[in-house]
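What you are looking at is a predicted structure, and each value in this text was computed from that prediction instead of being measured. These numbers come from the heavy atoms of this one structure, side chains and all, not from hydrogens, waters or symmetry mates. Numbered from 1 within each chain, the chains take letters A, B, ... in sequence-line order.
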6 protein chains.
Amino acid sequence: MRIAVSNCNTTRAMTDAIVRGARTAASPGTEVFGITPAWGPESAEGWLDSYLTAAAVLDALRTCPEPYDALVMAGFGEHGREGARELLDVPVVDITEAGAHLACLLGRRYGVLTTLDRSRAQIEDSLHTAGVGAHCAAVVGTGLGVLELEAALGSGAGMGRLAEAADRARAAGAEVLVLGCAGLAGVAPGLQAKLGLPVVDGVTAGVRLAESLVTLGLGTSRVGTYAKPLPKRRVWPGDM
Amino acid sequence: MRIAVSNCNTTRAMTDAIVRGARTAASPGTEVFGITPAWGPESAEGWLDSYLTAAAVLDALRTCPEPYDALVMAGFGEHGREGARELLDVPVVDITEAGAHLACLLGRRYGVLTTLDRSRAQIEDSLHTAGVGAHCAAVVGTGLGVLELEAALGSGAGMGRLAEAADRARAAGAEVLVLGCAGLAGVAPGLQAKLGLPVVDGVTAGVRLAESLVTLGLGTSRVGTYAKPLPKRRVWPGDM
Amino acid sequence: MRIAVSNCNTTRAMTDAIVRGARTAASPGTEVFGITPAWGPESAEGWLDSYLTAAAVLDALRTCPEPYDALVMAGFGEHGREGARELLDVPVVDITEAGAHLACLLGRRYGVLTTLDRSRAQIEDSLHTAGVGAHCAAVVGTGLGVLELEAALGSGAGMGRLAEAADRARAAGAEVLVLGCAGLAGVAPGLQAKLGLPVVDGVTAGVRLAESLVTLGLGTSRVGTYAKPLPKRRVWPGDM
Amino acid sequence: MRIAVSNCNTTRAMTDAIVRGARTAASPGTEVFGITPAWGPESAEGWLDSYLTAAAVLDALRTCPEPYDALVMAGFGEHGREGARELLDVPVVDITEAGAHLACLLGRRYGVLTTLDRSRAQIEDSLHTAGVGAHCAAVVGTGLGVLELEAALGSGAGMGRLAEAADRARAAGAEVLVLGCAGLAGVAPGLQAKLGLPVVDGVTAGVRLAESLVTLGLGTSRVGTYAKPLPKRRVWPGDM
Amino acid sequence: MRIAVSNCNTTRAMTDAIVRGARTAASPGTEVFGITPAWGPESAEGWLDSYLTAAAVLDALRTCPEPYDALVMAGFGEHGREGARELLDVPVVDITEAGAHLACLLGRRYGVLTTLDRSRAQIEDSLHTAGVGAHCAAVVGTGLGVLELEAALGSGAGMGRLAEAADRARAAGAEVLVLGCAGLAGVAPGLQAKLGLPVVDGVTAGVRLAESLVTLGLGTSRVGTYAKPLPKRRVWPGDM
Amino acid sequence: MRIAVSNCNTTRAMTDAIVRGARTAASPGTEVFGITPAWGPESAEGWLDSYLTAAAVLDALRTCPEPYDALVMAGFGEHGREGARELLDVPVVDITEAGAHLACLLGRRYGVLTTLDRSRAQIEDSLHTAGVGAHCAAVVGTGLGVLELEAALGSGAGMGRLAEAADRARAAGAEVLVLGCAGLAGVAPGLQAKLGLPVVDGVTAGVRLAESLVTLGLGTSRVGTYAKPLPKRRVWPGDM
């Protein structure tokens, strides 16, 4: 099986890190490769960035020459998921929903730890429209921007910020945590050990769910809102 | 006062029709002009189109050389609204929410008449995230595509389809109707007369709400989710 | 265009202040006049007062000899709105809903600053039944009674109380504030400047929404819950 | 124990019928008497009537010379309940909520059979604000006005209309019915036998709940929204 | 009338205390007796215990030789209620829902004081599925286990813990309190006097509601989810 | 990895069929075995049966001598899930929630096809309390009892009933179907082919989710409602 993982931003180093994280969750025989948009923002933090990444990722998916069996969209709370479901003939799993789906199996309420507080409404919307927002106790920002994460995690300050955010999520009722940024790939095991409660990583959760759909022969429903896009004239940036 | 009205698709004839509709609602002294994206789909019908238009409209707003006091976004149920709020220093009103806000003042529940049934989930999401979805009784498709509307309305068949969709909305509890497509500009008075209940047009509602915000000195809040976009490297299609 | 503004209580000085506030928002050519109930409480603070004002305002509307094109009901969170919609042949806008409708266009969640905490449930109900309560983050009392407001605002203490209440609303997630008492007319610009976020005044919002409905040819739907009152024997206090 | 039952309209024959119904449910030693407003409509059908009755009932309660231990408010879906809680030093039970509370104990969802469809939104609001609306499957009108009920029930046509409305409620998921008009007092046993499912009468339910509160030493909470009315100048119609 | 009160656990001293509490609320002529499961846990604290008690209580009900007119299920937040409705030909009232129903009549929101925080989700679910959870402001644990209550209340420490929990419930908006454990029988009057707001005891509330249903001739609906159990082979522990 | 699959009823042939279905979804290297309760009903249809199975399954889990890495609970809409989470040191996935989690990834709304209509409320509750009920469009009964399924499916009549139920679910907005009975194992591929939309089988979904949790090192959170059961005296039927 081949699983494509799309980064939402143009930073190839992040794509590489996400793919590395994805591979840790893949079953034997599952191959993972990354897709990086050719345009858009270098990181997604806020609505403007999010909408820009949605179209950029769709453009990249449209022109990706490689075949694959399922797509994992890595961009926590970012838009575009439903568009990819229309466009592609393979199952699509977004890491936002993926983390939440698994978290619901582990505790009564979950909390999301993300980068900046400004992203909270986006993430809440994304969970709600995915049908899995009911048990979200809180979305909490760490105050670290996407591109600051690597350095912060390297110095140890990042773990401190995550632990503080986790405390706020716990106070709001969270019994399980979801890592709300693809840039946090790899942090889950250490944080889980430190905090003593389950920590779900959206990327690895997404890989497992995508594999599950493929194995079970399940694909996107075409009878309703995710019908194939209508044929029409579209000017794509990738063609300009 | 100058109000910009952004069409979500690349069809300039639709921009022109929307601007004509918008002008019928503008106060004396208010000037209206249109913005058409340079790329994207010729019409927006479904999630893929919607996300494509969101980025295309933001790109057009970013590069629009003309000054204006408020933006009305014409694209019923299409994405991008919150991104424009981040990007611009003037108030932003989306026709989806605009129609719903006025409809709530006229009856207990409202129904939305739109083009294709596949757009229903998008419109429901858009109303929900705008905070004005609670009294939506139904979103009903007419089965007419965006670019079929003009011909259908010309021949009279369009009015029939709208009336049938209105019946379904009424059966679901709607006491007021909202026209759920910018391409329906101008239809409201005739439909209202025919059906005997109020019919709200999102474009004209949007113009009035935008004027109201400007007149009252109200602008987008910067203290939360709609803070200004962070400075960073972004590759925009319009610059490619 | 002539807009009537009904005060909910019998204090004519408050009617006058509300009308002055309303006029600041009226378009050129729009005339505003006030209606004061002949009976009821001198201020509305709580459920008993609210129900008393509802009937008193309806009685005043029934007997008002002057013609008008739309009604703005000034009494934040007070009852009666739907009764006026049944009774009158012109559009009716309540300042509670009006403030909330505009606030939704400016930020993700709004907070209401009101007089006494005891009114919170009433205001929550009013926003909910108007269909615009979903994005209300909090209703916060300042602890100042309706008739204490003028003196408090004159001495500067009022602004301090409002700022404290605003802090609590912000902590609950509000990005926009709505002034939850007709007696706060005129405070919005100063508070907005002081706090650095948008402050919506229900009375001025109501005037603009009422004008919009009239201009767009929109009136109350008669096909459902707001049908005309049935003819029957009613003993009105105004006739006793 | 003495229980007062307030009719919402001025029709004394209806008060008498309601009191007769209430007495069928009263425990030995419980005395029931009726209160009829001195002004207002002869029947309550719609929002205007409802707000008029709310103030008229409060005026009647204020001036009622007789002592009592609890109040049952008979006016299905009519306003005023919370005002009476503020005003009185004894427990207050509204027949709308009373019927729903007992219905929840008997089946998974309940339906309300009422007079005219125009009252549906009022009843939905009343159930919602009483905290007991979650399991309401439907509110269904019989098409019979309040003052038509007696004749219709006398001729047998009334039972037919109720049965038809019950079928619609059943189709919407109702497993229990609540009689949504004080004028239906006495119908419950016959309808229950005819339809084969429990039928709750709000008046008798209200009497039992009121007795229960008195017996258990429970009264309205004064620490929040139902605090005693503030002393102030109020002009009551009953004093005019 | 005979009312059975089922304890959820195997501790007969608790059954006796619950029956004593129930008798304080029973009308003259109502006889109360207790049912104690023959197996299960000595106290119910958490999900495992709760599911164990549900089956144990149903087994005890199935084999109870004594006739009765209604059942009150004493086990706050414990499962089994709907099963008893299927099984028995008499009305069934659970003390969880009973306390909440009466509390809704006394204030705008209620809070539940219970034993351990781990039970909060169970109680929230139970209130939600009973249709009466909408006005629950908070469920607050005292930190006292079920079997520690008696000693704690004897020493005075228990009242202190209840008062602290009540403060937290008040801060969350509760205006009325519900005692969330059958082991708190008898505490309500003292706590009510101490705190100055109404305190509802589920057991006494349940007795009054059960009596009301019997008196009004109301029984469980058989037309939907609470139809009689299908005949089939069942191996019951009580028969093993 | 070893996965235990617990049947909720005492019918060993059903356990065997469920295990066979589970094995079709298991990854290479995953071993699946079944657990059958020693007591309880031969099939679970309704609340009484459901509560009986919950305790019987917990009793069987408590005494199961075999080690395993995760539990899949097969009993669609049946109780007990949270008790197993408390009891066991391995992840627990219930087929009700499992089917819904995957269905949310495939379409906007899903429908559940189950045996008897009487089970609808139970299934709705189970989805709601699992946090994944928001996108459930409908739960539809086929009218076939659990033990009738095998014969009905053998004769072809079963597929017809499922197709009729699917039509009702589609009319309610479902774009994906979930098979709402463990006895429907094996039907999904054929039904999916016949109906042209994705059909999720809860058992196979549960196996994949359970494997995913184990592989990702995720277990039940112990910091909140699913803390380990408190030590106490419990009389279990299995010990009697």
Q: Might you confirm whether atom CZ of E:Arg2 has over 12 heavy atoms from other residues, nucleotides or ligands at distances under 6.0 Å?
A: yes
**Q.** Best-contacting candidate, E:Gly83, E:Pro37, E:Ala84, E:Gly46, against chain F by heavy atom pairs under 4.5 angstrom
**A.** E:Gly83
Q | Close approach to chain E in residues 125-150 of chain F, criterion heavy atom under 4.5 Å | A | F:Asp125, F:His128, F:Thr129
Q: Look up atom CD in E:Glu86 and atom CD in F:Glu45, then write down how far apart they are to the nearest 0.5 Å.
A: 10.5 Å
Q: Considering only heavy atoms, give the residues of residues 112-124 of chain F separated from chain E by less than 4.5 Å, sorted numerically, with 'none' for an empty result.
A: F:Leu116, F:Arg118, F:Ala121
Q. Hey, which residues of residues 50-68 of chain E are touching chain F, say heavy atoms under 4.5 Å apart?
A. E:Tyr51, E:Leu52, E:Ala54, E:Ala55, E:Leu58
Q: Name, in order of residue number, those residues of residues 224-240 of chain F that have a heavy atom at a distance of less than 4.5 Å from a heavy atom in chain E; otherwise write 'none'.
A: F:Gly224, F:Thr225, F:Tyr226, F:Ala227, F:Lys228, F:Pro229, F:Leu230, F:Lys232, F:Arg233, F:Arg234, F:Val235, F:Trp236, F:Pro237, F:Met240
